[in-house]
Amino acid sequence: MVQEVKIPMDVLNTTKTTIEGFAHIEIEGIKDSSLKIPIKIKPEEILGINIPITIPVTRKTNKFIIKTTPTIQYNGHEIEMPTYDIPVFAKTNDLIEFVELKDRNMLFFVTDKLTVRVMLEGGNLRIFQQENYGLNPLNHQTGPPYGLSLDRSLLHEYELKEEGRYKTLILTGKSIHVPGLVVKKYIKISPGMNEIEYWVTYTNVDKKSIHASARTSTGFQGISLNPYTTKGKAFTPIGGKIYESETFTNFLTDPLLPTGPQFWSETWTAVEGLMLGDYSAWIWKPENIEKIKLRQGHLSQLESKTEEIQPGEIYKPVHLWYSFGYNMIHEIRNRWNQLVGNIEFDHMESTVGPKLSKALEVKLSDKTVLTAGETVKKTLLITFASAYPLQGSLSLKLPKNWKGNFIVDGKKISNIEMPKLEPFKSSPIDIELIIPEKISSPIENIILHFSGEFEIDFDNYILVTEKGSVEVQEKMLDGKKVIEVSNGALDFKVAADIGGNLIRLEDSKKRSFLLDGYPEIKPKFFLEHYLGGIQPDIFHLIADEPFADMEDTKSIVFENGMWKGVKTTWTIKKEKQYLFGQKVELQYLTIPNSEVIRVILTLHNKTSRSIPWIGSLISDIGLQGSKDGNVIEVKGTDDLWIRNSVKKQFITQGSFNKPYSRITKGDQSISFVVPDGSHGSSVVADLGVMLLKWALGLQYSKPNSSSSMEFVIMINQPREKMEELRYALGK
């Protein structure tokens with residue numbers, strides 16, 4: 001069996017004369033591959049030719065050499081030019097090949113995933129993702145001192161070692177810069193892996209001790225117009241947090257950050273590619289590293305400790321990895337943990353990823369609800385992970401009809417200078433807000449605007465309500481006890497003794513949102529134990545059957561600051577597979593004259609077990625008493641996805657990045673949101689006989705501890721308020 005491909009090749013005429021002739025092609029490693037390709041090139045023109053190669057499928061090698069010999073015609077004579085050897089490779093999952101270009105003192109180490117170009121003169125590397133893009137330099141200097149090194153012209157010897165699927169290229173040179181020191185550089189790769197491992201050893205072959213260290217310069221080169229190399233965001237684990245920063249700023253750049261390794265909680269940095277959307281990372285061992293320098297949030301340089309190396313002694317100054325093709329930051333973090341960290345991550349961090357902080361961020365010191373008609377004092381906290389001299393002015397952008405000022409030494413000021421910020425510390429800014437008597441939205445944005453080298457708006461979403469009260473009282477409904485909650489904008493009831501379902505949700509116009517079968521518990525479609533409304537459910541992550549029988553509950557009136565409503569508790573007895581005996585707490589809370597309901601679900605783990613668990617709210621939607629005419633709005637990967645109610649079953653995909661959805665009918669709507677800081681998704685299923693909304697959350701309860709998740713329900717608000725609500729109630 002054979003496979004034919006065509007290899008494109010550029011032919012350049014650097015003369016002022018038209019050149020005619022042909023290229024004689026022979027492909028080393030393939031029989032009967034000789035051919036002539038005619039060429040005619042105008043002065044200073046580049047001509048493209050295609051070289052057909054018939055590659056045997058049952059090949060013995062992945063490497064083939066195209067030997068190209070140009071012949072030109074001049075004054076009736078044919079003049080044969082020097083032969084060019086051009087290696088090509090069959091890109092297969094077992095590809096790992098090595099090529100030397102002797103005339104250029106250059107080596108290529110190639111797999112199906114990456115290419116490493118090695119310059120024998122100087123011994124420095126270039127790492128390419130795939131074939132020709134994703135350039136990442138990896139340069140080494142032996143010192144001290146550093147700078148214009150004598151080793152830049154040092155010609156290295158090399159050897160290749162195999163260990164299973166791995167191959168290691170070893171470069172060896174006797175340092176000119178530090179006499180008596182043998183420097184070995186190891187490059188280890190394997191087919192199928194998006195990763196290169198690199199380390200350096202020093203061996204003292206002198207008769208006296210030698211003081212030596214290493215400086216390793218790595219990949220990120222700043223601004224690039226190449227779409228394959230342009231980076232959007234950088235991720236840097238320093239100061240006990242993982243910072244996300246824009247790569248076009250200089251915030252996280254040497255010398256604006258401490259270089260000492262004690263500031264690094266984890267030894268990796270990563271960047272997100274703008275074109276492909278994947279993440280690449282440098283990971284290094286902290287042993288023997290004395291200085292760590294960044295460029296725009298990404299690793300730019302490692303400098304090892306200077307050690308006194310005794311005769312015959314070996315010192316390893318640096319050991320690192322470069323890898324790419326990650327989909328999420330926590331994949332990089334888990335890989336670092338495999339290679340270097342060897343620590344036990346929190347289960348939620350290893351599953352859904354670590355909490356990210358901004359290199360420059362502004363947050364309200366607390367997220368208490370604001371009330372219309374009041375004058376309040378609040379504090380904005382500015383946190384910066386850098387000593388960058390951020391000079392400029394600050395002003396407030398407030399909602400319509402709001403008034404406010406900065407408070408400095410008891411005086412009200414409309415504009416202030418950016419305070420001097422200390423790395424890793426929060427600087428407080430006091431403000432006063434005057435809220436009008438009438439509000440136009442339950443969620444508003446208090447924007448702090450910075451004007452200087454950059455123009456930046458910092459959003460601070462917060463809930464706002466009008467004065468009033470939340471009334472909570474026990475009642476009987478169809479012969480069963482319920483607890484009714486009313487806040488002036490909505491009313492709902494909670495089944496007091498069974499299940500903990502929220503039922504009979506109505507707005508101020510007495511329009512309904514949910515369907516239920518209360519007080520009867522019966523099967524409905526696939527739900528064997530159905531009461532309806534909003535039905536809570538909790539199950540173990542690996543449970544075979546997530547829908548258990550409804551539990552007996554206890555419900556009481558409950559208050560938490562301005563929030564008031566119902567707290568329902570139960571001990572799991574019906575689900576005997578994984579959660580038997582666990583205690584559950586469910587809160588439904590609201591504030592006066594608000595169209596927002598918070599739902600907080602907590603698992604109290606009183607055992608020595610660790611429990612990953614799923615919490616969910618299954619809502620039977622029926623605006624104005626029917627599912628007919630209900631329109632579904634769900635955030636997709638990029639755009640809003642809208643579906644009219646049709647007689648065909650379907651289910652939306654849940655998103656952990658945009659965990660909110662909305663169902664509308666005329667000017668009536670109900671939205672479900674997972675707040676920022678909780679890990680969950682929002683799914684809608686039209687099953688024909690039912691229109692179900694699932695709010696799903698993931699949590700983990702450690703032994704003898706509790707863990708919670710939160711969902712938010714909002715009625716009769718525009719779709720853009722879903723994302724604002726997510727951040728207004730975020731942690």
Side-chain angles (χ1 to χ4, degrees), residues 146-147 215 217-224 230-266 269-272 274 282 290-303 356-365 378-397 404-409 411-431 446-460:
Y146 299 111
R215 176 179 286 179
S217 300
T218 63
F220 191 50
Q221 297 300 298
I223 296 173
S224 172
T230 302
K231 309 301 181 184
K233 293 181 180 179
F235 300 86
T236 314
I238 52 176
K241 296 181 179 180
I242 298 177
Y243 288 98
E244 175 186 319
S245 60
E246 303 292 339
T247 57
F248 63 81
T249 70
N250 294 315
F251 293 165
L252 299 185
T253 300
D254 173 68
L256 303 174
L257 288 169
T259 59
Q262 66 269 25
F263 292 95
W264 288 78
S265 44
E266 298 171 15
T269 66
V271 288
E272 180 183 11
L274 277 184
W282 291 98
E290 186 174 57
K291 292 182 180 179
I292 303 162
K293 296 185 178 182
L294 300 178
R295 184 172 182 181
Q296 292 160 307
H298 195 236
L299 181 68
S300 67
Q301 197 174 95
L302 294 173
E303 191 170 311
L356 300 177
S357 299
K358 298 287 186 182
L360 174 62
E361 65 181 357
V362 176
K363 290 185 176 181
L364 284 164
S365 60
K378 305 290 288 184
T379 299
L380 293 168
L381 299 176
I382 303 180
T383 308
F384 202 19
S386 173
Y388 190 88
L390 204 61
Q391 297 177 349
S393 63
L394 297 174
S395 59
L396 292 170
K397 291 183 179 180
N405 289 285
F406 299 100
I407 305 297
V408 180
D409 297 329
K411 297 180 180 179
K412 299 178 182 180
I413 304 174
S414 58
N415 291 275
I416 63 172
E417 292 298 309
M418 171 69 83
K420 186 177 180 180
L421 305 176
E422 295 185 50
F424 311 122
K425 294 184 179 179
S426 296
S427 299
I429 294 178
D430 294 326
I431 61 174
I446 300 167
I447 300 173
L448 181 69
H449 178 73
F450 170 73
S451 179
E453 181 181 351
F454 306 95
E455 298 284 332
I456 310 176
D457 280 337
F458 298 96
D459 295 324
N460 288 277

With rounding to the nearest 0.5 Å, note down the distance linking [atom1] in [X] to [atom2] in [Y].
{"X": "T259", "Y": "E290", "atom1": "OG1", "atom2": "CD", "value": "8.5 Å"}
{"X": "I429", "Y": "S365", "atom1": "CD1", "atom2": "OG", "value": "12.0 Å"}
{"X": "E303", "Y": "S217", "atom1": "CD", "atom2": "OG", "value": "9.5 Å"}
{"X": "S393", "Y": "I416", "atom1": "OG", "atom2": "CD1", "value": "9.5 Å"}
{"X": "I413", "Y": "D430", "atom1": "CD1", "atom2": "CG", "value": "11.5 Å"}

Item to check | Ionic contact status for E244 with K233, cut-off 4.0 Å | outcome: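 Looking at E244 together with K233, the answer is yes, because their closest N to O distance falls below 4.0 Å.
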
Checklist entry - Does the distance from a Lys or Arg side-chain N to an Asp or Glu carboxylate O, for K358 and E361, drop under 4.0 Å? => result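 Looking at E361 together with K358, the answer is no, because their closest N to O distance does not fall below 4.0 Å.
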
Can you give me the closest heavy-atom contact between [X] and [Y], atom names plus distance?
{"X": "K378", "Y": "L364", "answer": "CB-CD2, 4.1 Å"}
{"X": "F450", "Y": "Q391", "answer": "CZ-O, 3.5 Å"}
{"X": "A385", "Y": "L252", "answer": "O-CD2, 3.5 Å"}
{"X": "A234", "Y": "T247", "answer": "N-CG2, 3.7 Å"}

Next on the checklist: Please determine whether side chain to side chain contact (heavy atoms under 4.5 Å, CB included) holds for the pair I447 and N460, giving the CA-CA distance in whole Å, both sets of side-chain angles, and the decisive distance to 0.1 Å.
Outcome noted: CA-CA 6 Å; I447 300 173; N460 288 277; over 6 Å; no

Main-chain N/O of [Y] paired to [X] side chain as donor or acceptor, under 3.5 Å:
{"X": "T236", "Y": "G297", "value": "yes"}
{"X": "S357", "Y": "Y243", "value": "no"}
{"X": "S427", "Y": "L421", "value": "no"}

Next on the checklist: Before you tell me yes or no, could you show the steps for H449 and L394 under side chain to side chain contact (heavy atoms under 4.5 Å, CB included), namely the whole-Å CA-CA distance, both residues' side-chain angles and the distance that decides it to 0.1 Å?
Outcome noted: CA-CA 6 Å; H449 178 73; L394 297 174; over 6 Å; no

May I ask you to test the [X]-[Y] pair for a side-chain heavy-atom distance under 4.5 Å?
{"X": "Q301", "Y": "T218", "result": "no"}
{"X": "L257", "Y": "P423", "result": "no"}
{"X": "L448", "Y": "L396", "result": "yes"}
{"X": "Q296", "Y": "N250", "result": "yes"}
{"X": "L302", "Y": "I292", "result": "yes"}
{"X": "F458", "Y": "L360", "result": "yes"}

Checklist entry - Does the pair I382 and M418 meet the rule for a side chain to side chain contact (heavy atoms under 4.5 Å, CB included), with working shown? => result CA-CA 10 Å; I382 303 180; M418 171 69 83; 4.0 Å; yes

Item to check | E453: side-chain hydrogen bond (donor to acceptor under 3.5 Å, both in side chains) partners, not counting sequence neighbours | outcome: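 Listed in chain order: Y388.
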
Checklist entry - Judged by modelled atom types alone, do S414 and N405 share a side-chain donor-acceptor pair under 3.5 Å? => result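 On atom types as modelled, these side chains do not qualify, holding no pair under 3.5 Å.
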
Checklist entry - Do S426 and T383 have a side chain donor and acceptor closer than 3.5 Å? => result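 Per modelled atom types, S426 and T383 side chains form a pair under 3.5 Å.
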
Checklist entry - Which residues pass the salt bridge (Lys or Arg N to Asp or Glu O under 4.0 Å) test with K293, sequence neighbours left out? => result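 K293: no salt bridge (Lys or Arg N to Asp or Glu O under 4.0 Å) contacts found.
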
Next on the checklist: Is there a side chain to side chain contact (heavy atoms under 4.5 Å, CB included) between L256 and F251? Walk through the geometry before answering.
Outcome noted: CA-CA 7 Å; L256 303 174; F251 293 165; over 6 Å; no

